[in-house]
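Given the structure is predicted, the values throughout are model-derived calculations rather than measurements. Lettering follows sequence order; numbering is per chain, from 1. Any value given below was found using the heavy atoms of this structure, including those in side chains, with hydrogens, waters and symmetry copies removed.
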Amino acid sequence: MSVKLYDTFSRSIKELSKPNGRPFYYYCCGPTVYGPAHIGNFRTFLIQDVLSRVLELAGYEVKHVRNITDVDDKTIARSQEKNQALADFTQEWIEKFHSDCHALNMKPPSHEPKALDYISEQIDLIEALIKKEHAYVGKDGSVYFRVQSCNAYGKLNRINQSELKTQASNSAGQANLADEYDRESISDFALWKARKPEDGSNYWNSPWGEGRPGWHLECSAMIHSSFHGETIDLHGGGIDLCFPHHENEIAQSECAYSTPLCTHWFHSAHLKVEGEKMSKSLGNLFTLKDIQEKGISPMALRYTLISSSYRQPLNFTFEGLVASQTALTKIERFIEALLQKINLDSGNFNKRFIKPNTLNHFGLLEKAWDALCNNLNTAACLGNIFGLIGSNPTSKLSDAEIEDLLKSIGSLLYALGIQVFNDQTKALSAPQSVIELAKQRWDAKQNKDYAKADALRVEIQAEGWDIKDTPTHFELFPL
RNA sequence: GGCGCGGUCGCCAAGUGGUAAGGCCGAGGACUGCAAAUCCCCUAUCGUCGGUUCGAUUCCGACCCGCGCCUCCA
């Protein structure tokens, strides 16, 4: 099976080809670790995770590299404020990031390089660029990339050099003017930033003096190092990175190494919150913790963030989260019914049917799988799954057919990274006091004291929880 | 101004040159001590105006409206 994906560079959907004799090289720009990642960051990382899973199921051997940006303005500034060594400061946020990733059921990348560990590679890269006159040391001791020396500059974003210059007269370019005198041209960008007092001890020696590498450079160096200098097959990131970050990466890498950086560009659209752009000043920047504190499971968040087209901005709402949680439950119930039919309980599902093995056919869910392979159409995939659920096939199928169907569903859920019958699927558990009330109500109900049972239910609802009775027990859900 | 994305049922959201998947919510029914859950069932002609076509939501053009990037924000 081949996977097709939209490529930002060619502005078209292209097949991702399987390389001969080596894995599929896949690089993603990872988080800057100076605080908790927000749900917008996770939208991007999650869709990258889904792609990685789809590729795996489609028979690609993937080498997925996602970097950690631990050397930059913000990480340095925050660590200085907290009087911490940079590596100690960032380590805390790296661990937090990893724990969020785990809660969201993201597979760890094959390799996760930190910029801090690649300083010398970055210096080497700058030296190569200076040698080829693609870079120069500015008056302030920083090193800048000479955009004019790179004819191809702007090819990813389809902008030409004359347009770059006219930006100086636009409002968007005003911010650039401030330190223009350090550079030959307004569009030149920093490869190396000269040491400043506020950087504290965060500086390194280089042939052109003390300082630290620039952000764009880090990715170029880590890609070169992680993939043995070969052209990579896919490069991903948020759409905001398309310019200037990825444009600059291309310029640096291709000017220094004279080989194409990457053959396919994968950008995901942003997340809006309740119709507005997400930003700290609007107070609508949510983290996984914020979501969990509202009683929503990480799985519902994952479902929300991956269930629509990655190329379209997604408007995040709490209404949508609740919808996702309900939809997940629906999938769970369906699987439960299938399992019951062949005398298995839900504990067997993850063990027996969630398998990352390549499946050759998806039977009744062939279209759902095709959708994933066709530019990661997660919405159509889920639509097909629910279409099948709606056709209520359980009673019509033989045991063997049910077993096949469970395998197909298991593989699709694996591709989407959606876990069922797992604690992550459940919302927060009720406090002990509420559970006590619920037990009393259950007893009253068994004694047919319905007045008392109803009164207790009202009490429980006042605490923010609702009850669902089954023939044998009760369950509590947040209202 | 440049580059790019989009306007499909109350909300979210697929899709195709031949008369619109799915999810949530909501209505009705079955079930239930009552609820909930579950099951059944109901709800759109696709921003506007032209054009191409036997036929367009889907192709082309114009217009209107939203949004992103062009400032080291995924």
Side-chain angles (χ1 to χ4, degrees), chain A residues 8 11 28-32 37-48 69 72-74 154 156-160 162-164 166-167 169-178 187 189-190 193 214-218 236-245 247-248 267-272 275-280 285 303-304 307-309 311-317 319-331 333 337 367 371 377-390 392 445 448-451 453-454 457 461 466-471 474-475 477:
Chain A
T8 315
R11 312 269 161 93
C28 297
C29 292
T32 303
H38 60 250
I39 55 177
N41 296 320
F42 280 118
R43 182 191 192 189
T44 294
F45 298 140
L46 280 168
I47 196 70
Q48 291 167 347
T69 298
D72 97 317
D73 291 355
K74 288 188 287 276
L156 175 62
N157 289 277
R158 303 196 179 182
I159 45 177
N160 58 46
S162 62
E163 278 168 344
L164 281 168
T166 59
Q167 278 175 23
S169 59
N170 296 335
S171 59
Q174 292 297 320
N176 278 331
L177 288 170
S187 47
F189 56 91
K193 296 186 161 193
W215 174 49
H216 307 301
L217 188 80
E218 299 177 348
I239 188 69
D240 54 296
L241 297 184
C242 197
F243 192 89
H245 184 58
E247 196 69 58
N248 292 354
H267 291 107
S268 45
H270 272 186
L271 191 66
K272 295 201 301 178
E276 291 182 301
K277 181 173 175 166
M278 210 170 39
S279 74
K280 277 192 181 149
L285 238 176
Y303 185 100
T304 297
S307 60
S308 64
S309 168
R311 294 195 61 217
Q312 236 64 273
L314 169 62
N315 186 26
F316 176 87
T317 63
E319 194 186 349
L321 276 181
V322 173
S324 295
Q325 184 102 49
T326 310
L328 275 174
T329 305
K330 194 167 176 173
I331 294 174
R333 304 263 185 214
K367 282 184 179 171
N377 194 338
T378 47
C381 174
L382 288 164
N384 275 292
I385 294 174
F386 283 110
L388 178 74
I389 292 175
N392 197 20
K445 185 188 165 183
K448 297 196 189 297
D449 186 352
Y450 297 122
D454 289 350
R457 179 162 56 200
Q461 285 169 338
D466 202 8
I467 292 174
K468 294 175 187 173
D469 288 339
T470 71
F474 64 87
E475 291 173 20
F477 293 83

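Comparing the C1' positions of B:A30 and B:A35 gives a spacing of 16 Å, expressed to the nearest Å. Spacing of P atoms, B:G51 relative to B:C42, comes out at 38 Å, to the nearest Å. Using C1' as the reference atom, B:A14 and B:U71 are 36 Å apart when rounded to the nearest Å. Atom name C1', nucleotides B:A74 and B:G68: the rounded distance is 13 Å, in whole Å. When the C1' atom is used for both B:G50 and B:C64, the distance is 14 Å, rounded to whole Å.
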Between the protein and nucleotides 19-30 of chain B, are there any N/O to N/O pairs under 3.5 Å, and if so, what are the atom names and distances?
| unit_1 | atom_1 | unit_2 | atom_2 | d |
| --- | --- | --- | --- | --- |
| B:G23 | OP1 | A:Lys330 | NZ | 3.1 |

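If you check every strand for non-hydrogen atoms under 4.0 Å, A:Thr8 touches nothing. A:Gly320 comes within contact range of no nucleotide atom at all, as no heavy-atom separation falls under 4.0 Å. Using a 4.0 Å heavy-atom criterion, one finds that A:Asn392 contacts the sugar-phosphate atoms exclusively. When heavy atoms are screened at a 4.0 angstrom cut-off, A:Ile467 is found touching base atoms of the nucleic acid. Nucleic acid contact for A:His38: base, since at least one base atom lies under 4.0 Å from a heavy atom of the residue. Residue A:Arg457 is classed as a base contact, given a heavy-atom separation below 4.0 Å to a base.
Considering only side-chain atoms of A:Asn315, the nucleotide from B:G33, B:C12, B:A74 that sits closest is B:C12.
In terms of position on RNA chain B, the residue among A:Phe45 and A:Ser308 whose nearest nucleotide sits closer to the 5' end is A:Ser308.
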Secondary structure of RNA chain B in dot-bracket form (Watson-Crick or G-U wobble, distances below 3.5 Å, | marking inter-strand pairs): (((((((..(((.....[...))).(.(((.......))).)....(((((..]....))))))))))))....
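Listed by chain and number, the residues in a ring-ring contact (aromatic ring centres under 6.0 Å, His included) with A:His270 amount to none (sequence neighbours excluded).
On a pure distance criterion of 3.5 Å, a polar donor-acceptor pair joins the side chain of A:Asp454 and the base of B:G33.
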